[in-house]
Number of protein chains: 2
Amino acid sequence: MAIRTEFEFIDRVRLKYGLRRIGDDCAVLPKDRRWDTVITADLLVEGIDFRRAWTTPAKLGHRALAVSLSDVAAMGANPLWSMVSLGIPKVLWKHGFGEKFYEGWYALASCFGVELIGGDVSETPESLVIDSVVGGEAKKGHAVLRSGAKAGDLIFVTGSLGGARGGLQLLDRGKSVPRRRNARAAAIIERQTRPVPRIEEGKRLGTGKFASAMIDISDGLSSDLGHICRASGVGAKIYANKIPVDPNLAHLGLTDDEKLDFALNGGEDFELLFTVDPKKKLRMQKAMLGYPISYIGEITPDAGKIVLIGELGPKFLAAGGYRHFQALE
Amino acid sequence: MAIRTEFEFIDRVRLKYGLRRIGDDCAVLPKDRRWDTVITADLLVEGIDFRRAWTTPAKLGHRALAVSLSDVAAMGANPLWSMVSLGIPKVLWKHGFGEKFYEGWYALASCFGVELIGGDVSETPESLVIDSVVGGEAKKGHAVLRSGAKAGDLIFVTGSLGGARGGLQLLDRGKSVPRRRNARAAAIIERQTRPVPRIEEGKRLGTGKFASAMIDISDGLSSDLGHICRASGVGAKIYANKIPVDPNLAHLGLTDDEKLDFALNGGEDFELLFTVDPKKKLRMQKAMLGYPISYIGEITPDAGKIVLIGELGPKFLAAGGYRHFQALE
């Protein structure tokens, strides 16, 4: 049987070697009596995960760190340190790419007190490659996994969705970064090139033990809700009219269905998707005061089935979003 | 001022942001009251750090882990876990590269009880890229740094040097891996494609507090001794006739000077270079019984000066070995 997606590949390696720490946004390792360590790695490849023409070295530094911080946020943990491995084509090296990259990286790192402790630098023949590793800590047993969702839990999401996908569309059409004037266009381009990790939100949800399961929305709401459902052995129903579609998508002149599609399948918004026991709902909402969150549906006992309830009634929702090796057989 | 090498770049980033954990084979982080955590990252890029035609997916898996284990060994620490990020061109993905890679990776990992805890998989447009991260632990304060060498300390190296460079020459000449018959040729090709990390040696030197400074020989003896001297603010003199030149280099029909050059500047042998207080020499030798080590010289007070004492008298030794961005201005 051929392996189709990278998710399938990772699953197979995990099963073959009995790897019990793989399958969440971060691996969780025991640290001392009071704390666990969480660690994540994210590989960003030019031409696949980003295009250099769409961004700046400083924004790439920001983005590389942000995507890993977002994984730490999804565990409800506090980021502490990072290692960055940079593969740089010679021509970029000559133009001081590395130093500008670290300016953007460091500006974000200093917001969260993250320390650069290592990494590697190598030349690459053509494409820029970044591997971002971030470590953090959570109180022992407090790290929020994907596997804790129970039937009846309420499903919430922070912020708004679809903006990053909208930004991608603008960039793809050649709307270059410096020329933007329109505030909505600028906002969705920023969502794509300079995502904001929901560290504070994640920490509140984790330390308060409010979230039963959590994941960051990197692949897309439909995919990432699927990850939670698979890991937890549950299903979900979500309401189309409750999905917090990014208001700045208005700039693109999309239909409502298209906007909903961006919000469901766009990915890369790096919001947090989490489930909450209804008994904890009020306390959670109190703890999250000042941070926008939206209730979007409930966890059901129908393992693996995700239902989207729209104007025309319910329908099954397939996992959308980006896969590296989707087309392979 | 243009930055010339990656060492210079890393140094500058380190100074600019006051990064105190960068500059050794691993970063050292406090874990609990008794232990420190050590972490290292190594980026391997196809066409720069290896060629695919020279090796197999399984050997690449071995090598990617081995180079990081070697960094842990150089701290005198015990490896525990690893994260691997793999950037794979579509064509390799189709041919099951990932699974074969992990077979080789896992065979080495299981020798040392190293657990795969995470990583990432992405597509790349062309070149294979591997980022290998390994974490381990050392008793608190026992991790061996590059900065502990003192004038008068004796300099030792494990195993033999130059073999990996010799293997590279054979591979470069098109001596492909399966056709080798000659045992010496096979041995030096293996040194290049399937290096053995000196974990047990490093642990003995670290836990016994025998090594005042240590580094693994990845860049080349001349470069890596230079790293120790710079970090420790000392110099060194080494004796040409004491350098343990790999006996299998005999296969290549090199002159003695050429063999010495391979041993001094070849790099990638992943032996351990370490310094020892003369008062600890006998105890160290006892602890290392059964592991080949060679005395090659002494640390001197002449900061930054490395002298090679050969048949024709002493001469200053410049750092040789491979630099990614050597030629850039």
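Since we're looking at a predicted model, the values are computed, not measured.
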Inset, instruction - Under 4.5 Å, counting heavy-atom pairs only, tell me which of B:Leu44, B:Val28, B:Thr40 racks up the most with chain A. - result: B:Thr40
Inset, instruction - Taking the side chain as every heavy atom from C-beta outward, state whether B:Pro125 and A:Val45 have any pair of such atoms under 4.5 Å apart. - result: yes
Inset, instruction - Measure from the side-chain N and O atoms of B:Asp131 to the backbone N and O of A:Asp131, and report whether any donor-acceptor pair falls under 3.5 Å. - result: no
Legend entry - Part of A:Ile22 within contact of chain B (heavy atom distance under 4.5 Å): both
Inset, instruction - Find out whether A:Tyr17 and B:Glu115 are in side-chain contact, i.e. whether some heavy atom of one side chain is under 4.5 Å from a heavy atom of the other. - result: no
Inset, instruction - Among residues two or more places apart or on two chains, list those pairs meeting salt bridge (charged side-chain N to carboxylate O under 4.0 Å, His left out) that have a residue in residues 65-85 of chain B. - result: none
Legend entry - Close side-chain approach of B:Lys16 and A:Glu103, heavy atoms under 4.5 Å: yes
Legend entry - Contacting moiety of A:Glu46, where chain B heavy atoms sit under 4.5 Å: backbone
Inset, instruction - First locate atom CZ of A:Arg12, then atom CD of B:Glu99, and finally report the distance between them rounded to the nearest 0.5 Å. - result: 5.0 Å
Inset, instruction - Identify which part of B:Ile117 has an atom lying under 4.5 Å from any heavy atom of chain A, answering side chain, backbone, both or neither. - result: both
Legend entry - Side-chain touch A:Ser127/B:Thr124, heavy atoms, less than 4.5 angstrom: no
Legend entry - Shortest non-hydrogen separation from B:Ile48 to A:Ser122 and the atoms involved: CG2-OG, 4.2 Å
Inset, instruction - Using a cut-off of under 4.5 Å on heavy-atom pairs, state which of A:Val129, A:Leu116, A:Asp32 scores highest against chain B. - result: A:Leu116
Inset, instruction - Quick one: which of A:Ser85, A:Cys26, A:Gly98 has the most heavy-atom pairs under 4.5 Å with chain B, could you say? - result: A:Ser85
Legend entry - Aromatic plane relationship, B:Tyr102 with A:Phe9 - under 30° parallel, 30 to 60° tilted, over 60° perpendicular: tilted
Legend entry - Region of A:Leu29 in contact with chain B, defined by heavy-atom distances below 4.5 Å: side chain
Legend entry - When A:Ile39, A:Val133, A:Ile10, A:Leu86 are compared by non-hydrogen pairs under 4.5 Å with chain B, the top option: A:Ile39
Legend entry - chain B contact via A:Trp81 - which portion, at a heavy-atom distance below 4.5 Å: side chain
